[in-house]
There are 2 protein chains.
Amino acid sequence: MVTMQDVAERAGVTKQTVSNVLSGRVAVRPATEARVRAAIAELGYVPNLVARSLATGSTRTVGLFVPTVSTAFYAEVVEEAEDVLDAHGYRLLLCTTRRDGERARRHLAGLTSRSIDALLIAGDQGLTDHLPLLSRTRFPVVLCAWETRAPAEFPVVTVDYEHGGYLAGRHLRELGHRNVAVLASPAHTLRVNGFRRAFAEDGLDVPAGAVHLAPEPSFRAGIEAARAALTAHPSATALFATHDVLAVGALEAARDAGRSIPDDLSVVAHDDTPEGLLARPTLTSVALPTREMAREAIGLLMRAIENTTPTEPRPGLLQPTLIARESTARRG
Amino acid sequence: MVTMQDVAERAGVTKQTVSNVLSGRVAVRPATEARVRAAIAELGYVPNLVARSLATGSTRTVGLFVPTVSTAFYAEVVEEAEDVLDAHGYRLLLCTTRRDGERARRHLAGLTSRSIDALLIAGDQGLTDHLPLLSRTRFPVVLCAWETRAPAEFPVVTVDYEHGGYLAGRHLRELGHRNVAVLASPAHTLRVNGFRRAFAEDGLDVPAGAVHLAPEPSFRAGIEAARAALTAHPSATALFATHDVLAVGALEAARDAGRSIPDDLSVVAHDDTPEGLLARPTLTSVALPTREMAREAIGLLMRAIENTTPTEPRPGLLQPTLIARESTARRG
DNA sequence: CTGAAAGCGCTTACAG
DNA sequence: CTGAAAGCGCTTACAG
């Protein structure tokens, strides 16, 4: 392979001069620069980034941890993150943890090896326990899409999930619903809290018994949880599902139970995924500012890398919005 | 940061010895090894992978190009690829091209810089034109999920898309349909050819006029194309959509046109995505061996990296299968 | 089994 | 504005 030395010889200069024209850090006489550039072109020289990284200590690569890439939410996080990185000339090292703590731990441990300049961890599933591994790391770390309590040492760019739940609750309240049940993933306690707060504002209580846990965010789990909820609370006029896919399952279960939506039963969901738009009726859901979140998180990381300034003030929470569609209606 | 030299001093040996215990390539006396390992633990030494890469010429990183990560198909490719890489101790550098030729070109060009050991390119959208950039590359390249003609110089692991179309056609034929229309993405000519072949086997012709192009694989485009098809061919009893999401749009358009599925109109799709399972009626669709494909492609790459053997025989095509669900029925 | 030397291809001060 | 030197942290033959 052709090295900087080869280019230098061809151009009749030393390799430091070639380095100078490439980096632009030191001015080079135009005639010399022209000779160097010509030599680069003739030889088809491409700098060896590994060697550069060893010398500079920077790989221009950022690590991204996501639980999975096969949900619209994380797919968007990945693509938005990549766009911002690309704009800054950085590359993306991807790791999907699959909500597998051991896998996450192993990969986290492998990151100490100087191969990335910064790390973005999106989503807390299975990771929280292993975060201490990152405490002595020498590159900046930012957390995003974080729904549980995060260690104070890391900046976190996330959504106000509690408010998301609140919006869902307020929406049902505004439609006159008083008797409701909730289908929730175990990780979604913030959403449930917010939902409850909306009812509490009107002096209404959503009892713990009205919350039905769905072990995982899947269509099947949604059907099961909805079935249980509809059986336990036959008089409920509305359902809040903490995730769209759960709500799609609920739609199915409601159909099976002979309840028509939204006339006999309103369903409000959370996350506003494409599945919710495809569902019939289309789902009323709380939309997440996914791309803004990813953009802001990577932006924070870029500034941390480039400025080497002390950590910025803890960023604020991004606000979700409710999108009313066909699955909710005034209490009949 | 602590280097190999620090470990060596602490253990009272030279850094070569430390390197030897780490690599295991050269036997080290047990007592020495114990001292070295102790020093590593005490100092919390982690090898600098960049330095190792410069010395060895290998980064243990594989690049993966996908058009996007936000379809179930490519999400699966990414996750499966990552699993296999992980098992081999390799990392994943991800690049989503977004079907943007210029973006693909730029990233492809950036790959010559010694930062990856191999490259997997999944999906041909926007890339075919830029493949010559890879001709003089010094790392192995494998193509997968390739639906158009690929340059002969690269091994390609892909699906028999023509056969997929054939399966869809044969299915409709077996159900007695003779008068059909097709909704196709421009890139899906193989699928359409196969579909036609199934009809041709029975001496039936699917005229070019029966093929309606959908500019992009989206719900909206599916609606438009289906609308056009149903208007132009009111007597068609079945539709073949070359992609599930197109078919979901077709379902909607059929409903709007007062056609009930599958009684008045059968719809067979291709790709068997989660959207097809969520649709009502559920979609009959041709399923792709996605994970097998990704696994085989990365496997090929791993062997190419590690064996340095000449390129293997061109791998065969993987076979799709038809999954019959609710959207197709015997011609009424 | 262990150590001394050279080298991977770059960058970064530092002289001139 | 250009060149000589040292160094980034590792590995790889090669002696002993």
Side-chain angles (χ1 to χ4, degrees), chain A residues 1-37 39-40 43-61 89 110-117 138-139 308, chain B residues 1-37 39-40 43-61 89 110-117 138-139 308:
Chain A
M1 66 167 302
V2 20
T3 73
M4 199 170 248
Q5 181 64 42
D6 300 329
V7 173
E9 284 169 13
R10 176 101 176 199
V13 295
T14 61
K15 65 181 186 326
Q16 294 79 339
T17 301
V18 177
S19 178
N20 287 339
V21 346
L22 249 30
S23 71
R25 287 173 13 92
V26 175
V28 173
R29 198 191 311 172
T32 312
E33 166 158 3
R35 282 212 316 286
V36 169
R37 296 216 175 274
I40 288 176
L43 263 28
Y45 168 71
V46 179
N48 179 326
L49 258 37
V50 174
R52 179 178 293 172
S53 291
L54 182 58
T56 62
S58 153
T59 57
R60 296 198 79 79
T61 300
L111 253 31
T112 8
S113 318
R114 284 265 171 218
S115 26
I116 57 172
D117 290 350
R138 72 199 113 257
F139 50 76
T308 343
Chain B
M1 67 168 302
V2 21
T3 73
M4 200 169 249
Q5 181 63 45
D6 300 329
V7 173
E9 285 169 11
R10 176 103 177 196
V13 296
T14 61
K15 64 181 189 321
Q16 293 79 338
T17 301
V18 178
S19 178
N20 287 340
V21 346
L22 251 30
S23 71
R25 288 174 12 94
V26 174
V28 173
R29 197 190 315 171
T32 313
E33 167 158 2
R35 284 213 314 285
V36 169
R37 295 220 175 270
I40 289 176
L43 264 27
Y45 167 72
V46 179
N48 179 326
L49 259 36
V50 174
R52 179 179 292 172
S53 291
L54 182 58
T56 63
S58 154
T59 57
R60 296 196 79 80
T61 301
L111 253 31
T112 9
S113 318
R114 284 266 173 215
S115 25
I116 58 172
D117 289 350
R138 73 199 114 256
F139 50 77
T308 342

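Side chains are part of it too, since the values below use all heavy atoms of this structure and drop only hydrogens, waters and symmetry mates. As the structure is a prediction and not an experimental result, all values here were calculated from the model. In what follows, every chain begins at residue 1, and chains take the letters A, B, ... in the order their sequences are listed.
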Taking the side chain of [X] as heavy atoms from C-beta outward, which of [options] is closest to it?
X: Pro47(A); options: dC8(C), dT11(C), dC10(C); value: dC10(C)
X: Ala27(B); options: dC10(C), dT2(C), dC1(C); value: dC1(C)
X: Ala51(B); options: dT12(C), dC10(D), dG9(C); value: dC10(D)
X: Leu54(A); options: dG3(C), dC10(D), dC8(D); value: dC8(D)
X: Met4(A); options: dT2(C), dA4(C), dT11(C); value: dT11(C)

Q. Between Thr56(A) and Thr32(A), who's closer to the 5' end of DNA chain D by nearest nucleotide?
A.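 Mapping each residue to its closest nucleotide by heavy atoms, the 5'-most match is Thr32(A).
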
Q) Of Arg52(B) and Ala55(A), whose nearest nucleotide on DNA chain D comes first from the 5' end? A) Ala55(A)

Whole Å only: how far is the [atom1] atom of [X] from the [atom2] atom of [N]?
X: Glu9(B); N: dC10(D); atom1: CD; atom2: P; value: 13 Å
X: Lys15(A); N: dG3(D); atom1: NZ; atom2: C1'; value: 10 Å
X: Gln16(B); N: dG9(D); atom1: CD; atom2: P; value: 15 Å
X: Asn20(A); N: dG16(C); atom1: CG; atom2: C1'; value: 15 Å
X: Leu49(B); N: dC8(C); atom1: CG; atom2: C1'; value: 15 Å
X: Gln5(B); N: dC8(D); atom1: CD; atom2: C1'; value: 13 Å

Q) Counting only side-chain N and O atoms of Thr17(A), is one of them less than 4.0 Å from OP1 or OP2 of dG3(D)? A)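 Checking dG3(D) against Thr17(A), a side-chain N or O does come within under 4.0 Å of OP1 or OP2.
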
Q) Does Ser19(A) have a side-chain nitrogen or oxygen under 4.0 Å from the phosphate oxygens OP1 or OP2 of dT11(C)? A)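 So the side-chain polar atoms of Ser19(A) do come within 4.0 Å of the phosphate oxygens OP1 or OP2 of dT11(C), strictly under.
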
Q: Hunt down the Watson-Crick or G-U wobble partner of dC14(C), both distances under 3.5 Å, from any strand shown, or write none.
A: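 Looking at the geometry, dC14(C) pairs with dG3(D).
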
Shortest non-hydrogen separation from [X] to [Y] and the atoms involved:
X: Ala11(B); Y: Ala39(B); value: CB-CB, 4.0 Å
X: Arg35(A); Y: Val13(A); value: NH2-CG1, 3.6 Å
X: Met4(B); Y: Leu22(B); value: CE-CD2, 3.8 Å

**Q.** Nearest-0.5 Å distance, CG of residue Asn20(A) to OG1 of residue Thr14(A)
**A.** 8.0 Å

(Q) Name the residue from Asp6(B), Val36(B), Val7(B) that meets the side-chain contact (heavy atoms from CB on, under 4.5 Å) definition with Tyr45(B). (A) Val7(B)

Q. When the nearest nucleotide of DNA chain C is assigned to Glu33(B) and to Asn48(A) on a heavy-atom basis, which residue is associated with the more 5' position?
A. Glu33(B)

Q: Scan Val50(A) against the nucleic acid and name what it touches under 4.0 Å (heavy atoms): base, sugar-phosphate only, or nothing.
A: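 Val50(A): no heavy atom of the nucleic acid under 4.0 Å.
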
